[in-house]
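No experiment lies behind these values; they were computed from the predicted model shown. Each chain gets a letter, A, B and so on, in the order the sequences are listed, and its residues count up from 1.
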Amino acid sequence: MDTFSFYEQVYQVVRLIPRGRVCSYGAIASFLGSKGSARMVGYAMNASHTAYPPVPAHRVVNRKGMLTGKFHFGSPSLMEQLLENEGIKVQNDRILDFKEIFWDPSLECETDI
DNA sequence: GAGGTGACTGCGA
DNA sequence: CTCGCAGCCACCT
């Protein structure tokens, strides 16, 4: 709570997202206790490029499953490529079956379908 | 110290 | 499902 900024906590949760799964900003915010402040999570992602090890921000999308932050990856197609590389289908800047691959930090794991 | 910004969310239509 | 409005809090200048 001192040296570790709110961002660090967000990075930790995002790095816990299993491969082939995605998460929403609100879910992370609620998990951190900042329920209702999903903007802070998105803001943390803006600085995720400064965090190390790198944060899989491409697995984090908004409530609708839209790749709203794809432009922050340097290339607008990079986020889409990374998601498809993990088996996630993306179309029209949107994740297909978003609710099917949605991963909640509260579950930490399991949810094995 | 104050103001502005933003990779969001929930509700109603 | 999507669109628009308003609220929310930490970081930067």
Side-chain angles (χ1 to χ4, degrees):
Chain A
M1 291 39 165
D2 233 38
T3 50
F4 288 149
S5 303
F6 180 82
Y7 287 19
E8 290 293 332
Q9 302 207 53
V10 177
Y11 303 149
Q12 292 286 343
V13 178
V14 176
R15 285 193 282 244
L16 289 175
I17 301 176
R19 180 176 176 282
R21 291 289 173 95
V22 294
C23 187
S24 65
Y25 302 94
I28 298 172
S30 179
F31 180 74
L32 295 177
S34 298
K35 183 177 56 178
S37 300
R39 278 190 170 179
M40 309 302 75
V41 180
Y43 220 87
M45 300 277 84
N46 186 17
S48 62
H49 71 98
T50 63
Y52 191 86
V55 180
H58 61 276
R59 292 177 186 158
V60 185
V61 295
N62 69 349
R63 196 70 173 116
K64 290 174 289 202
M66 289 176 166
L67 310 184
T68 50
K70 68 176 189 172
F71 289 100
H72 291 254
F73 282 80
S75 295
S77 58
L78 179 61
M79 186 174 186
E80 185 176 329
Q81 292 293 305
L82 291 171
L83 290 171
E84 290 192 3
N85 187 34
E86 300 195 354
I88 300 174
K89 299 183 180 97
V90 180
Q91 191 168 70
N92 194 21
D93 297 344
R94 226 174 351 220
I95 297 177
L96 301 180
D97 301 325
F98 173 64
K99 51 199 280 184
E100 299 294 323
I101 61 177
F102 181 80
W103 178 84
D104 194 310
S106 301
L107 302 177
E108 294 194 54
C109 55
E110 299 183 88
T111 60
D112 198 278
I113 305 176

Between CD on residue A:E86 and CZ on residue A:R19, distance to nearest 0.5 Å: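 So the CD of A:E86 and the CZ of A:R19 are separated by 5.5 Å.
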Atom pair CD1/CZ of A:I17 and A:F102 - distance to nearest 0.5 Å: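 That separation rounds to 9.0 Å.
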Rounded off to whole Å, could you give me the [atom1]-to-[atom2] distance for the [X] and [N] pair?
X     : N      : atom1 : atom2 : value
A:N92 : C:dT2  : CG    : C1'   : 12 Å
A:L67 : B:dA7  : CG    : C1'   : 10 Å
A:I28 : C:dA10 : CD1   : C1'   : 16 Å
A:K99 : C:dC1  : NZ    : C1'   : 11 Å
A:R63 : B:dA7  : CZ    : C1'   : 16 Å
A:R94 : C:dC3  : CZ    : P     : 8 Å
A:Y25 : B:dG10 : OH    : P     : 14 Å
A:D93 : B:dA7  : CG    : P     : 15 Å

Check: C:dA10 base within 3.5 Å donor-acceptor of A:Y43 side chain: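 No, the side chain and the base share no sub-3.5 Å donor-acceptor pair.
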Whether A:Y7 and A:Y43 hold their rings parallel, tilted or perpendicular, with breakpoints at 30° and 60°: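 Ring orientation, 0 to 90° scale: tilted.
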Any donor-acceptor pair under 3.5 Å from A:R21 side chain to A:R59 backbone: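 Flag not set: sc A:R21 to bb A:R59 has no pair under 3.5 Å.
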[X] near the nucleic acid: base, sugar-phosphate alone, or nothing, with a heavy-atom cut-off under 4.0 Å?
X     : value
A:F71 : nothing
A:N46 : base
A:A57 : base

Nearest listed nucleotide, side chain of [X], among [options]:
X     : options              : value
A:M66 : C:dT2, B:dA7, B:dT9  : C:dT2
A:S37 : B:dA7, B:dG10, C:dC9 : C:dC9
A:M40 : C:dC1, B:dT9, C:dA10 : C:dA10
A:M45 : C:dC11, B:dA7, B:dT9 : B:dA7

A:K70 bridged to A:D93 by N-O distance under 4.0 Å: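 Answer for the salt bridge query: yes.
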